[in-house]
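Let me begin by presenting the structure, written as structure tokens, before commenting on it.
This is a predicted model, so every value here is computed, not measured. All values below were derived from every heavy atom in this structure, side-chain atoms included, with hydrogens, water molecules and symmetry-related copies excluded.
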Amino acid sequence: MRERSVIPELPEVETIRLELEPWLYGKTILGVQLVDALPGPKYANLERASSQRITDVTRRGKFLLLPLSGGDELIIHLGMTGVVTPRRPDQHLRVQLVLDDEGPNSILYFCDPRRFGRFLVVPRGDYSNLPTLQNMGPEPLEGTFTKAKFTQALARSGTAVKAYLLTQKPVAGLGNIYADEALWRAQIHPQTPARHVPVSKIAALQSAIKEVLIASLEAQGTTLNDYRTVNGNVGTYLEELNVYGHSNEPCPRCGVQINKITLGGRGTHFCPKCQKAET
DNA sequence: CGCATTTCCTGGTAGC
DNA sequence: TGCTACCAGGAAATGC
């Protein structure tokens, strides 16, 4: 297990899931403690995890879902800065899970400097207190992400397509980085109302989303800052980003300067020439 | 109900 | 150097 600094979207969460699986699968939780965090909805029912066995390590969008043997489910969302690690962090420790494991991996630490993450227990499959998970669209890399469903979802919203992608409703797992990258690939202006995305470009957007996520998964995600103390691998997709973080640099496709605007309160990067507004 | 805006939170950094 | 001000953003809450 490693620590890493990312803003976790689907590729980063899946990379983390792949590392967690061999560690956590089948382990029993012996105890759980909240540390430097107040009880509340972000840590709901955590005490229930104790004495249950982790029967699977799965993911839905950006949520890690760990079904437990007693009929519950442990849900971990990393937010912006959440880290799951067997190494005790120096600060910002929020939760520790004691596992029936010997040696250096016997405690799982959840560290979360900005406190945007969540670490809670629900009855298995009961997402009524997690509306984003409850209303989440299809997994982008599974067969359920069809052109027909995607077209219908886009038609339902007049919101700017970038902001709509971030709701997780048309498709799961996109965050600020990959939404910008996918729209650039498909040559769609981020401000275009979702239902005005030309029919001729919907398939391109669907493909772009899959391509960007697959390429990032292969690179083990994007690591945004230059942690020098990290041991272990660091996602390298940062080098392959075309627009995110590239404002005022030339568009790799046409050479025109990349613009940065605020959309839905989020930094949004696009090429004003390749990505024409549809209004 | 639909959509836009604000809130949460703190490390990093720009500017003085 | 040390201070202030501001920026980053996933999801939920709030506002209209």
Side-chain angles (χ1 to χ4, degrees), chain A residues 3-14 16 34-44 59-65 75-84 89-95 110-120 122 127-137 140 152-181 190-197 213 221-230 238 241 243-248 260-269 279:
Chain A
E3 295 169 43
R4 65 182 74 225
S5 180
V6 295
I7 298 171
E9 303 182 32
L10 187 149
E12 292 76 25
V13 178
E14 178 62 15
I16 290 163
L34 259 192
V35 186
D36 191 15
L38 297 173
K42 288 181 174 177
Y43 304 103
R59 177 192 57 74
R60 183 80 171 91
K62 305 172 202 171
F63 290 77
L64 288 165
L65 306 177
I75 298 184
I76 305 172
H77 194 295
L78 303 171
M80 279 186 70
T81 55
V83 174
V84 172
D90 294 335
Q91 40 185 166
H92 311 304
L93 174 61
R94 308 301 174 202
V95 176
F110 179 61
C111 170
D112 184 25
R114 286 185 213 179
R115 302 176 189 266
F116 274 28
R118 276 170 288 171
F119 200 114
L120 66 149
V122 300
Y127 305 139
S128 51
N129 291 319
L130 297 160
T132 300
L133 188 54
Q134 175 113 305
N135 302 315
M136 189 166 280
Q152 284 169 21
L154 290 173
R156 275 197 282 273
S157 175
T159 303
V161 60
K162 155 85 183 279
Y164 189 51
L165 291 173
L166 295 182
T167 66
Q168 314 295 301
K169 288 176 184 168
V171 61
L174 291 180
N176 208 38
I177 295 176
Y178 301 116
D180 281 3
E181 292 297 316
Q191 198 72 264
T192 307
R195 67 171 64 102
H196 293 174
V197 172
L213 294 177
T222 301
T223 302
L224 275 187
N225 67 18
D226 51 354
Y227 255 66
R228 296 303 179 202
T229 58
V230 177
L238 181 64
L241 296 179
V243 285
Y244 183 89
H246 289 254
S247 47
N248 300 323
K260 183 178 180 187
I261 59 172
T262 298
L263 196 164
R266 297 292 167 259
T268 297
H269 314 71
T279 66

**Asked** How many Å lie between NZ on A:Lys42 and P on C:dA11, as a whole number?
**Response** 12 Å
**Request:** Would you mind telling me which residue lines up with the more 5' stretch of DNA chain B, A:Arg115 or A:Gly265, judged by nearest nucleotide?
**Result:** A:Gly265
**N-O pairing of A:Lys260 and A:Asp180 below 4.0 Å** = no
**Prompt:** Do the side-chain N or O atoms of A:Thr132 get closer than 4.0 angstrom to the phosphate oxygens (OP1, OP2) of C:dG10?
**Reply:** no
**Message:** By the 4.0 Å heavy-atom rule, please label A:Leu130 as base, sugar-phosphate, or nothing.
**Reply:** sugar-phosphate
**Message:** Can you tell me if A:Asn129 has over 12 outside heavy atoms packed within less than 6.0 Å of its CG?
**Reply:** no
**Request:** Could you work out which one of C:dA11, C:dG9, B:dC3 sits closest to the side chain of A:Lys62?
**Result:** C:dA11
**Proximal nucleotide (of C:dA11, B:dA4, C:dA8) relative to the A:Gln168 side chain** = C:dA11
**Prompt:** Using a cut-off of less than 4.0 Å, is there contact between a side-chain N or O of A:His77 and OP1 or OP2 of C:dA11?
**Reply:** yes
**Message:** Using a 4.0 Å heavy-atom cut-off, does A:Phe63 contact any base of the nucleic acid, only the sugar-phosphate backbone, or nothing at all?
**Reply:** sugar-phosphate
**Prompt:** Donor-acceptor pair under 3.5 Å: do we get one between A:Arg114's side chain and the base of C:dA8?
**Reply:** yes
**Fill in**
Tested for side chain to side chain donor-acceptor pair (under 3.5 Å) against A:Asn176, the lone hit among A:His269, A:Lys162, A:Glu181 is A:Lys162
**Message:** What's A:Gly117 touching, base or sugar-phosphate or nothing? Going by heavy atoms closer than 4.0 Å.
**Reply:** nothing
**Prompt:** How close or far is atom P of C:dG9 from atom OH of A:Tyr178, stated in whole angstroms?
**Reply:** 13 Å
**Request:** Round to the nearest Å and state the distance from A:Leu154 atom CG to B:dC3 atom P.
**Result:** 12 Å
**Asked** Distance check: side-chain N/O of A:Arg118 vs OP1/OP2 of C:dA12, anything under 4.0 Å?
**Response** yes
**Message:** What contact category does A:Gly158 fall into here, base, sugar-phosphate, or nothing, at under 4.0 angstrom with non-hydrogen atoms?
**Reply:** sugar-phosphate
**Complete:** Closest of C:dA8, C:dG10, B:dG11 to the A:His92 side chain is B:dG11
**Asked** Counting any heavy atom closer than 4.0 Å, what does A:Lys260 reach on the DNA or RNA strands: base, sugar-phosphate only, or nothing?
**Response** sugar-phosphate
**Complete:** From CG of A:Leu78 across to P of C:dG10 the rounded distance in Å is 12 Å
**Short side-chain N/O contact to C:dG9 OP1/OP2 from A:Tyr244, under 4.0 Å** = yes
**Prompt:** At under 4.0 Å between heavy atoms, what does A:Pro131 touch on the DNA or RNA strands: base, sugar-phosphate, or nothing?
**Reply:** sugar-phosphate
**Message:** For A:Phe110 and A:Tyr43, take the angle between the two ring planes, folded into 0 to 90°, and tell me which bin it lands in: parallel under 30, tilted 30 to 60, perpendicular over 60.
**Reply:** perpendicular
**Request:** Could you tell me the separation between the CD1 atom of A:Ile7 and the C1' atom of C:dA11, rounded to a whole number of Å?
**Result:** 14 Å
**Distance in angstrom units between A:Leu174 CG and C:dG10 P, rounded** = 10 Å
**Request:** Round to a whole Å and report the spacing from CZ of A:Phe119 to C1' of C:dG10.
**Result:** 18 Å
**Item:** Nucleotide C:dG9, atom P - distance to CG of A:Leu263 in whole Å
**Value:** 12 Å
**Item:** DNA chain B: 5'-proximal contact among A:Arg195 and A:Arg266 (nearest heavy atom)
**Value:** A:Arg195
**Prompt:** Is A:Phe116 stacked on the base of C:dA11 when the test is centres under 5.5 angstrom and planes under 30 degrees?
**Reply:** no
